[in-house]
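The basis for the numbers below is simple: all heavy atoms, side chains too, and nothing from hydrogens, waters or symmetry mates.
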Amino acid sequence: MKHRDVPIFLLLSAVMATADVSTIISHENCDSNSLPAESTSVSTLDNGQFYKMCPGSHQHSNNTTFATFGQPRCGDGSNFAFYLTRPEQPQEEEKILIDLSGGGACWDKGTCALQGFMLKMPPIDFVLGMSCSDVGKIAEVSTGWDILCARTVGETDFTEYNTVVIPYCTQDVHLGDAEAIYDGMNVQHVGAHNTYRTLQWVFDNFEDPSHIVLTGCSAGATPLPVIYHMVNEHYKERGQNVKVDIIADSPVYLTPTNFMENNFGNWNHETVMKSIGFDYDTHKGDLQYASAVLDYVLDESDDSDGIGIFSHNDDPISLMYYNAMGGKGDAEVSAKTKWWSDMNASWSQLKNDHENFDVFIADSSGHCSSGLYIPNQQPDFEKWVSNIIAPTTSVQQDAPTNTSVTNIAVTDPTSVTAEDESGSLDSPVSSMNNNGDLSSVDSQADPPSAATTKTAAGQNHIATMLFFHLSFSLLG
C-alpha cells in the first residue's frame with residue numbers, strides 16, 4: 001500500500017467543489033417519478049422501499065459550459081437515475097452496498113446499432129415503493145437472478161445495508177466522458193457523469209459509513225477498481241476508517257490491442273483515469289490495460305480491504321467481446337485459449353504481488369446475472385467470499401476454497417449454445433492451485449457442439465441475453 005503526497009483525486013474534487021459553487025443545478029431532465037438527488041437527503045427517506053434518484057445537470061453560471069462530469073444522461077440522451085433503498089430496519093451503523101449494472105459495450109456503428117436498446121434506462125420502475133424482501137420473494141420464485149439486499153452472503157448480512165444501484169445505459173463500462181458520432185448515430189458515452197454524480201450523492205449523505213461493498217456484473221464489474229479508488233480516496237484521505245471491499249462478478253477483463261488502438265478512445269476514459277492519478281497515456285494502447293489499472297489500484301489500496309474477482313474458465317460472453325474487439329489466436333493457440341491463458345497469467349501475477357487480492361474460478365461455462373446468483377451456486381464460494389467482504393477481516397489467501405484443480409478444454413466461443421450461456425451451475429469449482437497459479441485450459445479445445453448457432457445469430461442471441469442481464473443487474 002502506498003499513498004501520494006497530494007492525492008490527485010482530491011485535487012480534482014476540490015476544483016469541482018469550487019466550480020460547483022458557481023454552477024446552476026437543473027433537474028429539468030428528470031422523470032416525474034424520480035426525486036432530485038442534490039436536494040434530497042437520505043434522512044428524509046423511509047426505510048425499506050426503493051426510490052428513484054435523479055442527479056441534475058451542473059451548468060456554470062455563464063450558461064455556456066458544464067461542470068466536469070456535470071451532464072448525467074443515458075447513451076441516447078434520455079434521462080438517467082439511480083436507485084436507492086435503505087435497510088428495512090434502522091441500523092446503528094451506516095453500511096453501503098453499491099451495485100453497478102452490466103449489459104455489454106459498444107464502440108462503433110455496428111456494435112451500437114446492435115445494442116441500441118441498451119442506451120436507455122431499462123423498464124424496472126416496478127421496484128419503486130417495494131422493499132428488498134418484496135423483490136427477494138420475486139427472485140425466489142424466478143430463475144437465474146437474485147437481489148443482494150434481501151440476502152446474507154457468507155458472513156455479510158446485506159439486509160443491514162443501504163443499497164445504491166447504478167444503472168448502465170452508456171455502453172462504456174460506466175467510465176466514459178465523450179459524445180461519439182458513428183456514421184450519423186449519436187451516442188453519449190457519459191458513464192463517468194452518471195457514476196460520479198451518484199457517488200457524490202453517496203458522499204454527501206453518508207459521511208462516516210463503517211463498511212462499503214462494491215459489486216457488479218460484467219460491464220458493471222469491469223470498472224470496480226476505479227470506483228474503489230474514488231471511494232477509498234474520499235473517505236480514507238479524510239481520516240475516516242472505512243473498510244471498502246470489492247466482489248467483481250465476471251468482469252470483461254482483456255482488451256485486445258486492436259480495440260485499444262482504434263476504438264477505446266471513443267469512450268474517453270482519460271478524464272476519469274487521470275483524475276485518480278493513473279498513467280493513462282502509457283497504458284492506453286496496452287492489451288494488459290485492465291491489469292495495469294488493477295495493479296495501480298491495489299498498490300494504492302488499504303491492506304485490510306478485500307478485492308475479489310469471480311469468473312469462469314469458459315465465459316462465452318467475455319470470449320464473444322474478446323473476439324469482437326479483435327482478439328486473435330495464432331497457428332498454435334486458439335483465441336479462446338489465448339484469452340484464458342493471458343487472463344490466468346495476469347490474475348496469478350497480481351495475486352502473488354498483492355495480499356489483499358484473490359480470484360475464485362468456476363470450473364464451468366457461464367457468465368453472470370445479478371445479486372451474485374451464479375457465484376452463490378458454486379461449492380465453497382460463500383467461504384471464499386466471507387474472507388473478502390467480512391466487515392472486520394482482511395484477505396487470507398491461504399484459506400482453502402477448493403483443492404480440486406483440473407485442466408479444462410473449453411468449448412469454441414463461436415459455437416455458443418443456450419447451455420453455454422447459462423453455464424453449468426453444478427460443475428466442480430477450481431480456485432488457486434498449490435503453487436499459487438490459477439488452473440489453466442488445455443491448448444486442445446473440445447470439438448464444437450452439434451447444437452451450434454451461426455456467429456451473427458449467436459451475437460443477436462447474446463445481445464438479447466445481455467438485455468436481461470442488464471435488467472436483472474439493476475435489481476441487485
Side-chain angles (χ1 to χ4, degrees), residues 31-35 45-54 80-91 95-104 117-118 120-154 156-169 198 213-221 247 249-250 310 317 366-378 381-382 385 389 418 421-423 425-426 463-476:
D31 293 342
S32 59
N33 61 349
S34 65
L35 298 175
L45 304 178
D46 292 335
N47 290 78
Q49 67 177 49
F50 274 97
Y51 292 90
K52 185 177 181 180
M53 311 291 293
C54 178
F80 167 82
F82 64 92
Y83 293 81
L84 165 80
T85 181
R86 302 183 69 188
E88 294 179 38
Q89 299 299 323
Q91 303 294 315
K95 292 179 280 190
I96 307 169
L97 170 67
I98 301 178
D99 192 335
L100 281 76
S101 300
F117 60 93
M118 297 183 185
K120 62 183 66 179
M121 288 280 288
I124 61 161
D125 283 354
F126 70 90
V127 302
L128 297 180
M130 297 176 67
S131 67
C132 284
S133 59
D134 291 335
V135 181
K137 291 175 183 177
I138 298 174
E140 288 176 356
V141 299
S142 305
T143 302
W145 64 280
D146 206 345
I147 180 168
L148 279 179
C149 62
R151 305 282 178 254
T152 295
V153 178
T156 303
D157 183 358
F158 284 112
T159 68
E160 299 176 350
Y161 284 62
N162 297 274
T163 296
V164 177
V165 179
I166 304 180
Y168 180 50
C169 59
T198 301
V213 175
L214 308 175
T215 191
C217 160
S218 193
I247 297 296
D249 188 355
S250 304
F310 173 89
I317 300 299
H367 194 54
C368 61
S369 62
S370 70
L372 300 177
Y373 174 82
I374 293 176
N376 278 323
Q377 311 303 311
Q378 308 299 323
F381 174 76
E382 288 212 25
V385 80
I389 63 173
E421 293 161 1
S422 63
L425 301 183
D426 295 326
T464 302
M465 187 183 71
L466 285 171
F467 171 73
F468 289 107
H469 282 165
L470 174 61
S471 298
F472 292 152
S473 295
L474 286 167
L475 297 176

Looking at [Y], is its backbone amide N or carbonyl O close enough to the side chain of [X] to form a donor-acceptor pair, meaning the two atoms are under 3.5 Å apart?
X    : Y    : result
Q91  : Q89  : yes
Y168 : G104 : yes
N47  : R86  : no

Sorted by chain and residue number, the ring pair (Phe, Tyr, Trp, His ring centres under 6.0 Å) partners of F82 (sequence neighbours excluded) come out as W201

Heavy atoms of I247 and T215 approach each other most closely as O-OG1, 2.9 Å

**Item:** Residues C169, F80; criterion side chain to side chain contact (heavy atoms under 4.5 Å, CB included); working and verdict
**Value:** CA-CA 8 Å; C169 59; F80 167 82; 4.1 Å; yes

Applying side chain to side chain donor-acceptor pair (under 3.5 Å) to N162 and not counting sequence neighbours gives E94

One pair to check against side chain to side chain donor-acceptor pair (under 3.5 Å): Y83 and D125. What are the steps and the verdict? CA-CA 9 Å; Y83 293 81; D125 283 354; 2.6 Å; yes

Sorted by chain and number, sequence neighbours left out, salt bridge (Lys or Arg N to Asp or Glu O under 4.0 Å) with E382 holds for none

Practice item. With side chain to side chain contact (heavy atoms under 4.5 Å, CB included) as the test, would you mind laying out the steps for I374 and N376 before giving the verdict? Key: CA-CA 5 Å; I374 293 176; N376 278 323; over 6 Å; no

Sequence neighbours excluded, which residues qualify as side chain to side chain contact (heavy atoms under 4.5 Å, CB included) partners of [X]?
X    : value
S142 : I138, W145
E88  : S131, C132, S133
S34  : C30, D31, K52, C54

*asked:* Could you go through L97 and L148, starting from their C-alpha distance and side-chain angles, then the distance that decides it, and tell me whether this counts as side chain to side chain contact (heavy atoms under 4.5 Å, CB included)?
replied: CA-CA 9 Å; L97 170 67; L148 279 179; 3.7 Å; yes

